[in-house]
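I have placed the structure first, in the form of structure tokens, so that the comments after it can refer back to it.
Fair warning: this is a prediction, and the values are worked out from it, not measured in the lab.
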Amino acid sequence: MALKRKKTYETNIEKINGARMTIETQMMAIENANVNLETMGAMRAGAEAMKNIHGTMDINKVDATMDDIRDQMDFATEISDAISRPIGIDDLDEDELLNELEELEQEELDAKMLDTPGPALVTPNVPTHEPERATRVENDEEEELEALKASMAM
């Protein structure tokens with residue numbers, strides 16, 4: 001009997017837990033729907049605000065304004081270039097200046113190469129006098145050769 005009652009209570013607990021989960025799921029779905037509703041309202045309000053702001057604007061007007069701004073920026077750059085250019089140096093050609101700089105650098109390099117000392121040559125000491133000949137050794141050899149010739153002639 002106690003086991004049946006326990007089994008009944010466990011079944012009821014499972015049903016209550018299942019119902020509780022269903023209710024919690026519904027609550028979360030309602031909260032999500034409410035958030036979605038508020039989001040849509042905010043997006044509609046934003047769209048209306050953008051319509052009011054852009055109501056007087058036209059893409060052609062914006063393009064024309066941007067063209068005017070670019071023209072004025074170009075004009076300002078030309079004025080700045082004219083002001084910053086030194087007076088009396090208008091006739092200088094940039095290629096001519098670069099060639100002159102290259103020639104000066106080459107001259108400097110040539111001068112450095114001419115001033116560089118060459119490698120030090122190490123040569124052996126050469127005697128200035130003629131070496132003495134070993135005449136005695138030569139005489140001994142000649143005597144031996146004569147003795148050999150004499151013994152062979154016999």
Side-chain angles (χ1 to χ4, degrees), residues 1-138 140-141:
M1 183 80 158
L3 286 174
K4 272 188 171 184
R5 198 179 295 166
K6 181 180 175 187
K7 182 75 170 162
T8 305
Y9 287 144
E10 286 177 355
T11 306
N12 282 339
I13 289 173
E14 285 179 22
K15 287 180 184 179
I16 292 171
N17 282 338
R20 183 175 173 198
M21 286 294 279
T22 303
I23 291 171
E24 286 179 5
T25 303
Q26 284 179 334
M27 286 177 48
M28 287 190 334
I30 291 169
E31 287 175 4
N32 284 339
N34 193 21
V35 168
N36 289 341
L37 180 64
E38 288 180 22
T39 302
M40 284 301 297
M43 291 174 91
R44 272 193 218 114
E48 281 297 317
M50 289 180 75
K51 281 182 186 177
N52 290 336
I53 291 170
H54 294 134
T56 58
M57 280 195 220
D58 181 8
I59 191 67
N60 295 328
K61 289 180 184 177
V62 172
D63 285 340
T65 302
M66 293 306 294
D67 287 341
D68 289 343
I69 290 171
R70 283 187 205 97
D71 290 343
Q72 291 303 315
M73 292 298 292
D74 291 341
F75 184 66
T77 302
E78 288 176 16
I79 290 173
S80 176
D81 289 346
I83 290 173
S84 64
R85 192 172 327 141
I87 297 174
I89 306 181
D90 293 338
D91 299 334
L92 292 180
D93 183 19
E94 189 171 329
D95 291 334
E96 198 174 296
L97 289 174
L98 288 174
N99 287 339
E100 186 176 343
L101 176 63
E102 191 174 304
E103 288 175 11
L104 289 172
E105 288 174 343
Q106 186 61 43
E107 287 176 11
E108 183 180 336
L109 181 63
D110 291 345
K112 281 183 181 178
M113 290 180 72
L114 290 175
D115 289 342
T116 305
L121 295 176
V122 178
T123 57
N125 293 333
V126 178
T128 56
H129 62 284
E130 207 171 303
E132 296 178 10
R133 296 190 182 239
T135 56
R136 184 174 163 216
V137 173
E138 288 178 8
D140 289 344
E141 287 179 0

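- Here M66 contributes atom CE and D71 contributes atom CG; the two are 11.5 Å apart, rounded to the nearest 0.5 Å.
- Interatomic distance, I16 CD1 to R20 CZ, rounded to the nearest 0.5 Å: 10.5 Å.
- Once rounded to the nearest 0.5 Å, the distance linking NZ of K4 with NZ of K6 reads 16.0 Å.
- Taken to the nearest 0.5 Å, the CG atom of D58 stands 10.0 Å off from the OG1 atom of T65.
- Within the 3.5 Å criterion, the main-chain N or O of A76 finds no donor-acceptor partner in the side chain of S80.
- Atom-to-atom distance recorded for T8:OG1 and E10:CD is 9.5 Å, nearest 0.5 angstrom.
- Other residues, nucleotides and ligands place more than 12 heavy atoms under 6.0 Å from the CD atom of E24.
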>> Apply side chain to side chain contact (heavy atoms under 4.5 Å, CB included) to residues H54 and M57 and explain how you reach the verdict.
In response: CA-CA 5 Å; H54 294 134; M57 280 195 220; 3.8 Å; yes

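- Enclosure of atom CG in L101 by more than 12 non-hydrogen atoms of other residues, nucleotides or ligands within 6.0 angstrom is indicated.
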>> Checking E31 against V35 for the side chain to side chain contact (heavy atoms under 4.5 Å, CB included) test, could you report, in this order, the C-alpha distance in whole Å, the side-chain angles of both residues, the deciding distance, and whether it holds?
In response: CA-CA 6 Å; E31 287 175 4; V35 168; 5.6 Å; no

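- With respect to the salt-bridge test (charged N to carboxylate O, under 4.0 angstrom), the residues R44 and E48 do not qualify.
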> What's the verdict on side-chain hydrogen bond (donor to acceptor under 3.5 Å, both in side chains) for Q106 and D110, showing C-alpha distance, side-chain angles and the deciding distance?
Replying inline: CA-CA 6 Å; Q106 186 61 43; D110 291 345; 3.0 Å; yes

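- We find the OG1-CG distance between T39 and N34 to be 9.5 Å, quoted to the nearest 0.5 Å.
- Atom CD of E100 has 12 or fewer heavy atoms from other residues, nucleotides or ligands within 6.0 Å.
- Summarising the geometry of R70 relative to D67, their closest heavy-atom pair is NH1-OD1, 2.9 Å, with the distance given to 0.1 Å.
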